Amino acid sequence: MEKLLDSLNDVQRAAVQFCDGPSLVIAGAGSGKTRVLTYKIAYLLEQGLPPYYILALTFTNKASREMKSRIAELVGEKRARRLWMGTFHSIFSRILRSEAEAIGFQSNFTIFDTSDSNNLIRLIIKELKLDDKLYRPAGVHGQISRAKNSLITPKMYAANAEILDYDRMSRRPRIFEIYERYQNRLRAANSMDFDDLLVYTNILFRDHPDVLEKYRNQFQYILVDEYQDTNFAQHLIVKQLADAHHRVCVVGDDAQSIYSFRGANIDNILKFKSNYPETQIFKLEQNYRSTQNIVNAANSLIKKNTEQIAKDVFSENEEGEKIEVIQAFSDFEEGLIVANKIARMRLEQHPSYGDFAILYRTNAQSRIFEEALRKKNIPYRIYGGLSFYQRKEIKDIISYFRLIVNRSDEDAFRRIVNYPARGIGDVTVGKISSSAQLHGVSLWKVLSEPLAYNLEVNSGTAKKLTGFYELMSRFMEQNEQLNAYELAQLVVKESGIAKEAYDDMTPEGMSRAQNVQELLSAINEFVDTRLEEGEENLKLVDFLSEVSLLTDQDTDQGSDDEKVTLMTIHSAKGLEFEHVFVVGLEEDLFPSSMAKNEMRGLEEERRLFYVAVTRAKKTCTITWAKSRFRNGQTNMCRQSRFLTDMDERFLSVDGNLEAGSDSSPVAGGFWETMRQERVQSNGASYTPPSRREYADSKKRSSVQSSSSMPLSKEAVGLREGQVIEHERFGRGVVTAIEMDGSNRRAFVDFESAGRKQLLLKFAKFKIVEE
DNA sequence: TAACACTTGTTTTTT
DNA sequence: ACAAGTGTTA
């Protein structure tokens, strides 16, 4: 341990060793925050505190997994595993499951994700016969979510004049009714949405002092990472748990608070000390990550914000290159410039592709970079977009699981009662639903005793319903014996999903089939790894409770891959790269048009930009485009105000930084011709493709391999003419490669299996011949 | 009831 | 441009 402490600087060490009271660690970007947290936990363990007395809360699953493995390196796997470490949502869902009865739930409650919530809200809006133009599910859900994050119950909501005024002003005065119904429906379905996990934890602690006492005693030391991103509900949970002993350490950086849209309240960190007057504050100000230039540029940027904790982040690394600011003529050219620069840097120095990251404000920007990179044969990996578990076919299967585990789950019921199609349509479901509402029971209950609830359907429909009922009942019975994987297999087979998926030979169908397969493997892996860790034979309910809190951020992490990383700035938080490109620095994009009107919003955008720049270790390049194709139109753009927020001493700008005056939108047709005629030179000149070619390149761009690239699951280097060996289909020649949304697919003539289309994301094969 | 064409909103970020 | 939701037709 001594040696361990020696590797820390003075402040870090002091922060690690201070364990007797509340502490606030203000951790500037790149200042070794995670290091302090992990060492601190190791230190606590070393002092003799048992691991299960330590509660460590993180913001993402990924962060907690990483920290866990780093702690395991320090103190051994065995002890690390017994820590209570995870996201707020996962830790408290675990606690809620074991205390479920206290708050009137069953421990197998379902967790709704955002789209589940939106669906339910849509349904309620319909039932209330409200205008769905005004009451858009996502908007209403946002409002409800905000209320929940502030621990405002439906009753409080309905009694709060200020909120009601606000709703009336936005011409949606009946949100309070929707909220109440929504909450009742969730409860009736033994379900919680994400926010409920925090709300009910608070209620649990508030109404059950004995339970609170138990966890207070258990969690002798509490650590919270990314404290600047906590919302009121989270803050209060921590406060309640820490109130007795005050042994709580929160770590964060107010300058990196970027989640207020989700209810994060920067005041939590700004006012931590007033909650605990005896708080010790540690400021980690030395940045070990970036060059001086990057740190200085970032500092000059963040200085423009008003609300913040004073700190002086500095770097003792080399001075480094200035931040290059490049203006592109169009979004298309922006992609080319970045791809070219990556290629050039690869030649001149020798960085691995994994050292590069392209960071953007919105996911929609990724595509243009994908295309540019693909043209240059640069391998890349995209994070974000729709997650595996959001795909329809996956959600459908999961819904089977949900209904098996929790028969009150109305949403799941609706989803699968006619999937695969078994002739039970909207009318029938409507009948079941109104009968269920009339009698105050679940849909499943009505289905199980149709006569008792006066369900009137014709005999044909009745037969179909019985069929579905028996099918599900069998699953429910089997669930007692079989483990998650065995049952999942059974469900896929017997429900007819397997048949439907594998019979469908369209490319979409094949991809669906592969997704189903992928899900089964995931479940298998889940059961296997848990088995290895010595846990019981896992049931479907265990898988479900884990999977509902999983996001695409967590699925495939092979970060040291030889691939350029493309992601939003939000998902880049906490990461670092040698060479970072921050792209799309234009007004109304970054800062987003949504945020620019309010001071707070604008400052948050600025912090977001700060986060982006400080991801870079060696070089940072910023680009913007004078025109951009968005929502089916090409628009002229003005350069972002953030560019002039930075001290130019740390920048190297091509052209001038004062934005041009052209801000009027330009019609697409006009712009297309411009595109063809104009050749912009930034060292790299190019001839814009004709409209036709451009469209083609989207659909049918062929990918060539660079031989040094290791063949991964995604088979980045696959190109036409190669011979591959496929797991199921054997040998075949690649005849073409196409893009299909975010998926690439290859057309292959197999020697024995004939012509097939493979989704490269999932296909398992080797390249045998060039 | 299912398949299909049509209309509409969407694009800020995610546990 | 695109996906998702809605309404219309077979």
Side-chain angles (χ1 to χ4, degrees), chain A residues 57-64 86-93 111-115 117-119 122 126 132-133 136-139 141-142 145 148-149 192-198 226 229-231 233-234 257-264 359-368 383-387 389-390 392 418-430 458 460-461 464 548-554 567-573 584 588-596 601 604-605 607-609 611-612 628-634 668 694-695 698-699 740-742:
Chain A
L57 298 166
T58 62
F59 192 64
T60 63
N61 292 306
K62 198 174 110 206
S64 93
T87 62
F88 274 91
H89 290 86
S90 71
I91 292 286
F92 293 112
S93 74
I111 298 173
F112 272 34
D113 70 17
T114 311
S115 71
S117 299
N118 285 340
N119 284 341
R122 177 175 299 118
K126 235 178 235 167
D132 56 2
K133 294 271 185 320
R136 281 203 303 285
H141 182 222
S145 175
K148 286 186 176 183
N149 285 154
M192 298 191 191
D193 66 13
F194 281 141
D195 304 316
D196 283 339
L197 295 173
L198 306 175
E226 309 280 18
D229 288 326
T230 52
N231 58 37
Q234 291 167 321
S257 158
I258 54 174
Y259 281 101
S260 76
F261 69 95
R262 237 174 64 190
L359 308 180
Y360 34 78
R361 180 67 242 267
T362 69
N363 277 311
Q365 287 165 263
S366 70
R367 187 162 258 185
I368 205 111
Y383 292 78
L386 88 158
S387 122
Y389 292 102
Q390 306 274 21
K392 185 181 173 304
N418 199 29
Y419 174 84
R422 46 174 76 86
I424 303 171
D426 289 346
V427 179
T428 310
V429 176
N458 62 44
T461 307
K464 290 169 188 162
S548 40
L549 292 172
L550 226 53
T551 63
D552 50 323
Q553 305 289 302
D554 306 310
M567 54 168 57
T568 62
I569 300 166
H570 280 89
S571 34
K573 192 166 74 148
D588 291 341
L589 179 61
F590 197 7
S592 148
S593 54
M594 307 289 223
K596 68 174 178 186
E604 175 146 322
E605 294 282 304
R607 290 194 294 270
L608 192 56
F609 187 36
V611 168
R628 181 171 298 276
F629 194 74
R630 269 215 283 180
N631 296 336
Q633 270 197 335
T634 302
Y694 182 67
K698 284 192 165 174
K699 269 251 153 6
D740 155 38
S742 56

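All values reported here derive from a predicted model rather than from experimental measurement. Residue numbering restarts at 1 for every chain, and letters A, B, ... go by the order of the sequence lines.
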Touch class at under 4.0 angstrom, heavy-atom based, for Thr428(A) against every strand present: sugar-phosphate
Asn61(A) side chain near dT15(B) phosphate (N/O to OP1/OP2, under 4.0 Å): no
Nearest non-hydrogen partners of Asp588(A) and Arg630(A), listed with the distance: O-NH2, 3.3 Å
Any N/O donor-acceptor pair, Arg361(A) side-chain to dT13(B) base, under 3.5 Å: yes
Below 4.0 Å: OP1/OP2 of dT14(B) and any side-chain N or O of Thr568(A): yes
Helical stems, DNA chain B - three or more consecutive Watson-Crick or G-U wobble pairs below 3.5 Å: B:1-10 with C:1-10
Sugar-phosphate only, base, or nothing, as touched by Phe88(A) at under 4.0 Å among non-hydrogen atoms: nothing
Comparing Ala421(A) and Met594(A) on DNA chain B - which has the more 5′ nearest nucleotide: Ala421(A)
Side chain to side chain contact (heavy atoms under 4.5 Å, CB included) involving Ala364(A) - partner list, sequence neighbours excluded: Thr362(A)
Flag, side chain of His89(A) to backbone of Leu549(A), donor-acceptor distance under 3.5 Å: no
Whole-Å distance separating the NE2 atom of His141(A) from the P atom of dT13(B): 16 Å
Sugar-phosphate, base or nothing in reach of Ser90(A), heavy atoms under 4.0 Å: nothing
Atom pair distance, as rounded to whole Å: NZ in Lys62(A) and P in dT14(B): 12 Å
Touch class at under 4.0 angstrom, heavy-atom based, for Arg630(A) against every strand present: nothing
Phosphate OP1/OP2 of dA4(C): any Arg122(A) side-chain N/O under 4.0 Å: no
Touch class at under 4.0 angstrom, heavy-atom based, for Phe590(A) against every strand present: nothing
Under-4.0 Å side-chain N/O to phosphate OP1/OP2 contact, Arg136(A) with dT10(B): yes
Side chain Ser90(A), main chain Gly86(A), donor-acceptor under 3.5 Å: no
Output field: ring centroids His570(A)/Tyr383(A) closer than 6.0 Å: no
Sugar-phosphate, base or nothing in reach of Asn418(A), heavy atoms under 4.0 Å: sugar-phosphate
Mutual orientation of the aromatic rings belonging to Phe59(A) and Tyr259(A) [parallel < 30°, tilted 30-60°, perpendicular > 60°]: tilted
Pair Thr461(A), Asn458(A): side-chain N/O donor-acceptor within cut-off below 3.5 Å: yes
Sugar-phosphate, base or nothing in reach of Lys573(A), heavy atoms under 4.0 Å: nothing
Exercise: identify the closest heavy-atom pair between Ala572(A) and Leu359(A): CB-CD2, 3.8 Å
Sugar-phosphate only, base, or nothing, as touched by Ala595(A) at under 4.0 Å among non-hydrogen atoms: nothing
Rounded distance in Å - CZ (Phe629(A)) to P (dC2(C)): 8 Å
Sugar-phosphate, base or nothing in reach of Glu604(A), heavy atoms under 4.0 Å: nothing
